[in-house]
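No hydrogens, no waters, no symmetry mates; every other heavy atom, side chains included, goes into these values. First the proteins, then the strands, lettered A, B, ... as listed; each starts at 1.
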Protein chains: 2
Amino acid sequence: MYNFFMQRVMLVIEYDGTNFVGWQKQRRGRSVQQEVEQAIEKVTGQAVKLVGSSRTDAKVHALGQVAHFDMDSTFPAERLKVALNDILTDEIKILSSKTVKPDFNARFDVKKKTYVYLLETCEIQSPFKRNYVANTSFSLDIEAMGNCAKLLEGEHNFKGFCSAQAQVKTFVRTIYDIRITKNKDCIKFTFTGNGFLQHMVRILVGTLVDVGRGKLSLQDVKLALENGDRSKAGKTMPPRGLYLKKIYF
Amino acid sequence: MYNFFMQRVMLVIEYDGTNFVGWQKQRRGRSVQQEVEQAIEKVTGQAVKLVGSSRTDAKVHALGQVAHFDMDSTFPAERLKVALNDILTDEIKILSSKTVKPDFNARFDVKKKTYVYLLETCEIQSPFKRNYVANTSFSLDIEAMGNCAKLLEGEHNFKGFCSAQAQVKTFVRTIYDIRITKNKDCIKFTFTGNGFLQHMVRILVGTLVDVGRGKLSLQDVKLALENGDRSKAGKTMPPRGLYLKKIYF
């Protein structure tokens, strides 16, 4: 029998990932998924399973994570935002909550994702940036990094640009756009693509940094793209500079 | 006999106060003073006593705390900056270290201090601001607050604007300047004075906020200044919005 009270709810979530083991529930440690699920249970009285758009890693932040769940209740979805924010830690904020079509899927309906990475080049990093911006002591050639970014854009096999632990059917992804802007000592990398492999954004930034400091050549990066050779790409940058900015459906 | 190796050293220190019980050593909890003293001992091999310009409270931040100590060593004071930053938590950064005259006193030679208080007026505060900006849901009349600020400037008995625990010889202080600027949803209060009593800046901001939302009148504030009546001043604002910005000697 059709359940008239069942609604699929979509949440947009902002979080400071510093003190979390990541989005996904783990055996140990605080995860964003679990804390939001527990808050939903407190409000609705129902245990739910949240499906998120992106499994952000430990210490990675989100400005617009998206998740869905099913709620067997007439509780107005729009009011969940305030109710959940009242309960949740200040490290997580629900930016919006609404009923969506029953077949909406936060994970499989994603068309594009945008990630931002923040990197400073300064001698002494401010204590206020320690969890929110990565830091390098190298001076970086922005033009060389821009040329490398052009190379990375498009459809490629990114096997050389992801964690060895990545379990996927295919390493082929399309990066629509890589933007690099500089404001004083802070460099902002913006990546938009149809999907990103585990650690891929952090390795892409590591590669751009290695090109910017002259440690890798464009030829090395071409080889990493063609041969999937992880050793020709840059190192994995720290998670604290990474932000899941926006999910497009 | 005069000790030729004794030098008085001045440090300028930036810290994120979130996880500290404050500047001053306490029986329990992490204090900035203690962590810097321990780092100095590791570098120089000597137990020292740091004298700070301001005893910032728990969760209060500093952009330019100043402290002095005596070091019986030929270790170049200028190199302490890098040596201490290597050891210290990322929550504390030594911005400069140098030898000063033997009679310099970071506490008693202070001529002026500048504090900044950051306050947002927004419905949902970003997780990234939770430890660094206070928040209020009231909309505030900036012009009314400016008029109140004019009233508070100058030499006054600030007995009505400090913690009941304040132990001082006199409650008379001079505020040279109060500046209130607004950028989008964030209001920045800048106070410069010859000294501030315990909790005074946070109570001054609480008073300005109460005037801005229409809960207190300028007449109330006049009474609080004239009679030292704590109940006529505003409440103590939370510590997280407060920054010790600069010490003038």
Side-chain angles (χ1 to χ4, degrees), chain A residues 11-20 23 30 32 35-36 39 56 59-65 78-97 116 118 120 122-135 137 185 238 240-245, chain B residues 11-20 23 30 32 35-36 39 56 59-65 78-97 116 118 120 122-135 137 185 238 240-245:
Chain A
L11 303 175
V12 180
I13 311 171
E14 182 177 2
Y15 49 85
D16 175 345
T18 307
N19 302 317
F20 291 102
W23 164 261
R30 299 170 63 212
V32 179
E35 301 225 350
V36 178
T56 55
K59 296 182 188 300
V60 171
H61 312 294
L63 304 172
Q65 169 76 284
E78 287 68 23
R79 280 176 45 199
L80 268 179
K81 179 179 88 165
V82 172
L84 294 177
N85 284 335
D86 272 355
I87 293 174
L88 282 166
T89 160
D90 285 347
E91 298 155 272
I92 304 174
K93 290 287 174 190
I94 308 297
L95 301 182
S96 73
S97 58
V116 164
L118 299 180
E120 276 186 315
C122 59
E123 185 208 346
I124 301 179
Q125 187 171 37
S126 163
F128 301 100
K129 308 264 181 82
R130 73 188 188 287
N131 296 322
Y132 308 110
V133 184
N135 191 32
S137 52
D185 283 344
R240 68 177 191 273
L242 185 58
Y243 296 74
L244 170 59
K245 191 179 177 194
Chain B
L11 303 176
V12 179
I13 311 170
E14 183 177 2
Y15 50 84
D16 175 344
T18 307
N19 302 319
F20 291 101
W23 164 261
R30 298 171 63 211
V32 180
E35 301 225 350
V36 179
T56 55
K59 295 182 191 301
V60 171
H61 312 294
L63 305 172
Q65 170 75 285
E78 288 68 24
R79 279 176 47 199
L80 268 178
K81 179 178 90 166
V82 172
L84 294 177
N85 284 334
D86 272 355
I87 293 174
L88 282 165
T89 159
D90 285 347
E91 300 157 270
I92 304 174
K93 288 289 175 188
I94 307 298
L95 301 182
S96 73
S97 58
V116 164
L118 299 180
E120 275 186 316
C122 60
E123 185 207 346
I124 301 178
Q125 186 171 39
S126 163
F128 302 99
K129 307 263 181 83
R130 74 191 189 285
N131 296 322
Y132 308 110
V133 185
N135 191 31
S137 52
D185 284 343
R240 68 176 190 273
L242 185 58
Y243 296 75
L244 169 59
K245 190 179 177 194

How about CZ on Arg30(A), more than 12 heavy atoms from neighbouring residues, nucleotides or ligands closer than 6.0 Å, or not?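 Counting neighbours around CZ of Arg30(A), more than 12 heavy atoms of other residues, nucleotides or ligands fall under 6.0 Å, so yes.
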Less than 4.5 Å to any heavy atom of chain B: does that hold for the side chain of [X], its backbone, both, or neither?
X         : answer
Asn85(A)  : side chain
Tyr132(A) : side chain
Lys129(A) : neither
Ile94(A)  : backbone

Tell me whether the rings of Tyr243(A) and Phe128(B) are parallel (<30°), tilted (30 to 60°) or perpendicular (>60°).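 Correct class here is tilted.
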Of all of Val82(A), Asp90(A), Thr18(A), which one pairs up most often with chain B through heavy atoms under 4.5 Å apart?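 Looking at each of Val82(A), Asp90(A), Thr18(A) in turn, Asp90(A) comes out on top.
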Do you know the tightest heavy-atom contact between Lys93(B) and Gln125(A)?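 That closest heavy-atom pairing would be CE-O, 3.1 Å.
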Contact summary for Arg130(A) and Asp16(B), nearest pair of heavy atoms: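 Shortest heavy-atom separation between Arg130(A) and Asp16(B) comes out as NH1-OD2, 2.7 Å.
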Supply the atom-to-atom distance Ser126(B) OG to Leu63(A) CG, rounded to the nearest 0.5 angstrom.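 Rounded to the nearest 0.5 Å, the OG-CG separation comes to 7.5 Å.
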Could you tell me if the side chain of Glu14(B) sits less than 4.5 Å from the side chain of Ile124(A), heavy atoms only?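 No, too far: nothing below the 4.5 Å cut-off.
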